[in-house]
Asks: 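Quick one: the structure is below, and I'll ask about it shortly.
Residue numbers begin at 1 in each chain, while the letters A, B, ... track the order of the sequences.
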Amino acid sequence: MNPEIPLSTSTSPVAQPSRQYAAPIAGQSGHIAIDQIRIAFGTGKQSFLAVENFSLEIEPGEFVCLIGPSGCGKSTVLNSIAGFITPTQGTVSVDNRQIDGPGGDRGMVFQQPSLFPWKTVLGNVAHGPLMAGKSKAVAHGIAQDFLEMVGLANFKKHYPMMLSGGMQQRVAIARALANSPQVLLMDEPFGALDAQTRFMMQENLLKLWQDLKTTVVFVTHDIDEAIFLADRVVVMSANPGRILKDISIPLPRPRAIEILLDQKFATLKKDCFDLIRQESLLAFEQQKIGT
Amino acid sequence: MGISKQRQQLLNRWAFILSIPLFFGGWEIISRSGMVNPVLFPPPTLVALALYKWATQGPLLVDIAMSLSRVLVGFISGAVAGILIGILTGRYQFIANLLTPVFQLLRPIPPIAFVPIVILWFGLSELGKWFLVFWGVFFTVWIAAHLGVQRVDKTLIRAAQCLGTPEQKMLPEVLLPGAMPYILVGLRTSVSISFYTLVAAELAGTFSGIAYRIDIAQQNLQVGQSLGGLIILGLISAMADKAFGVFSKKMVWWS
């Protein structure tokens with residue numbers, strides 16, 4: 001009927017005109033450049049090299065998953081983009097601005113929902129816009145829109161402890177997105193959820209991402225999750241953390257959970273699995289020798 | 001013995017109902033039995049009479065008002081200062097390094113030990129009473145707020161930073177509510193501390209107040225009024241504790 005609306009609009013904001021605030025970010029922002037970083041913790045003999053010689057460029061609007069065995073430094077890299085950790089060497093920049101601390105331009109979702117227990121669901125989601133200097137009415141309007149996007153508008157007056165773990169994590173995602181960040185950082189956000197809830201959350205996240213076009217960096221140790229979500233899967237190795245392989249995922253979008261049964265999916269999964277298995281075995285052997 | 005469960009529950013309920021009447025009844029009987037000197041250990045009926053006289057012909061209301069005002073001024077100023085400084089020392093290492101050694105040095109000094117100095121500094125004025133109660137409350141609340149801030153979930157602080165919370169907003173938005181459960185424990189302890197500091201403050205020299213009246217009545221061998229004063233002190237302090245419990249629930253409405 002309307003030729004201006006492309007085919008994929010069933011999930012775009014055009015189809016939901018009531019959402020005033022939850023619109024894609026204008027322009028091409030959200031470019032991440034990680035240049036030759038090295039991150040070490042501690043000093044002297046106690047020092048531990050977590051990440052070395054790590055470079056990665058992420059285009060605006062891209063969805064990138066970092067994956068690897070535990071201890072490979074994937075969370076450390078994410079924390080350096082968030083600004084919680086300053087690299088010992090090298091630089092991390094977002095939209096050509098070097099990161100020197102945490103800020104509202106980079107939203108983060110943690111493994112635990114980490115909602116403010118003293119604020120209602122609406123108050124939690126409105127927190128970012130309020131801190132950005134928006135009026136209470138506008139901030140609540142934004143919060144309302146994002147709660148609708150994660151399907152929790154009916155729970156806006158509840159306190160976090162009254163919600164299930166999955167619902168809390170949806171509030172946490174809405175809270176991070178309500179700030180209109182250029183970059184969304186996610187640190188194993190679905191790791192603590194049961195399998196059914198996790199599938200639902202993954203599909204919901206992809207829908208949000210397709211609506212908002214935010215750059216997403218997603219850390220996980222679940223290969224299925226990484227391939228299902230990402231444009232690119234970056235496989236890391238441990239001791240010290242570095243990039244083993246940067247695999248692009250050419251699966252068509254929008255993706256539904258059935259894609260897990262696709263032959264192409266299986267091939268990609270095998271590639272990742274073999275890489276990580278080799279690394280895990282290597283790490284296991286090293287631990288046995290005691291290096 | 002074969003007492004049925006129902007019977008046992010009934011007995012338990014009656015034990016609760018009769019607890020206080022039995023206490024006063026026993027006291028009345030012992031006082032009037034001739035086993036003790038009734039002048040030094042008057043029965044509760046005479047204590048009640050002394051209280052009634054104190055209320056109708058004496059300054060009971062003024063005494064209560066004076067004692068309460070001393071507790072309130074000392075408690076509130078001590079609590080506000082303790083919370084503010086506790087949040088600062090809990091959050092900023094520099095302020096902690098600057099103040100903590102001094103506070104740890106002063107904290108163990110019992111407020112009662114200050115009474116002679118306080119009389120020299122403030123004479124018999126109200127300022128001296130407020131100071132003593134403040135001293136008793138401040139350190140307890142400071143320690144509670146300091147530890148409370150340090151125990152706020154680190155991820156919660158990180159989440160706030162990622163949402164663009166500026167450092168000066170961190171205090172009211174995250175640190176204060178996050179530390180509130182700990183602060184309330186400190187405040188509740190301080191309620192009873194402020195009442196026994198009050199007693200020391202009033203014994204040191206004043207012209208009104210419940211503890212002052214207990215002291216004066218003792219000097220006149222009006223033991224009934226002394227005991228009545230103790231009961232009033234007990235009641236006020238118990239009511240303050242109860243009221244604080246209600247206040248606490250309101251302050252941590254989310255848990």
Asks: Hey, what do you get for CG (A:D35) to CG (A:L56), rounding to the nearest 0.5 Å?
Replies: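 Here the interatomic distance stands at 11.0 Å.
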
Asks: Is the distance from the ring center of B:F244 to that of B:F247 below 6.0 Å?
Replies: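 Yes, close enough.
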
Asks: Relative to chain B, which segment of A:N79 carries a heavy atom at a distance below 4.5 Å: side chain, backbone, both, or neither?
Replies: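 Contact with chain B: side chain only.
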
Asks: Which atoms of B:V252 are under 4.5 Å from chain A, going by heavy atoms: the side chain, the backbone, both sets, or neither?
Replies: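 Neither part; nothing is under 4.5 Å.
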
Asks: In this structure, are over 12 heavy atoms from other groups packed under 6.0 Å from A:K119 atom NZ?
Replies: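 Correct, the count exceeds 12.
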
Asks: Just by distance, do the side chain of A:N179 and the backbone of B:L163 share a donor-acceptor pair under 3.5 Å?
Replies: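 Such a contact is found between A:N179 side chain and B:L163 backbone.
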
Asks: State whether the number of non-hydrogen atoms from other residues, nucleotides or ligands found under 6.0 Å of B:Q6 atom CD is greater than 12.
Replies: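 Incorrect, the count does not exceed 12.
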
Asks: Let me know if A:A176 has heavy atoms under 4.5 Å from chain B in its side chain, its backbone, both or neither.
Replies: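 Just its backbone gets close to chain B.
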
Asks: Hey, could you give me the OG/CD1 distance between A:S114 and B:I157, rounded to the nearest 0.5 Å?
Replies: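 Reported to 0.5 Å precision, the distance equals 11.0 Å.
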
Asks: What residue, out of A:Y159, A:F116, A:W118, A:F110, has the most heavy-atom pairs lying under 4.5 Å from chain B?
Replies: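 Top count of heavy-atom pairs under 4.5 Å with chain B: A:W118.
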
Asks: Suppose a student defines contact as a heavy atom less than 4.5 Å from any heavy atom of chain A. Which residues in residues 102-114 of chain B would they list?
Replies: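 Counting heavy atoms that sit under 4.5 Å from chain A, no residue of residues 102-114 of chain B is involved.
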
Asks: Please verify the inter-ring angle class for B:F138 with B:F134; under 30° counts as parallel, over 60° as perpendicular, anything in between as tilted.
Replies: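 Answer is parallel, since the angle falls under 30°.
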
Asks: Counting only heavy atoms closer than 4.5 Å, note whether A:L130 contacts chain B via side chain, backbone, both or neither.
Replies: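 Neither the backbone nor the side chain of A:L130 comes within 4.5 Å of chain B.
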
Asks: Between A:D222 and A:R198 (salt bridge meaning N to carboxylate O under 4.0 Å), is one present in this structure?
Replies: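 Salt bridge: yes.
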
Asks: Do you know which of B:A159, B:G164, B:C162 has the most heavy-atom pairs with chain A at a distance under 4.5 angstrom?
Replies: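 Most heavy-atom pairs within the cutoff with chain A belong to B:C162.
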
Asks: Does this structure show an ion pair linking B:R70 with B:E126, if we count only N-O contacts that are shorter than 4.0 Å?
Replies: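 Salt bridge between B:R70 and B:E126, a charged N being under 4.0 Å from a carboxylate O: yes.
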
Asks: Go through the atoms of A:M108 and report whether side chain, backbone, both or neither lie under 4.5 Å from a heavy atom of chain B.
Replies: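 For A:M108, heavy atoms of backbone and side chain both lie under 4.5 Å from chain B.
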
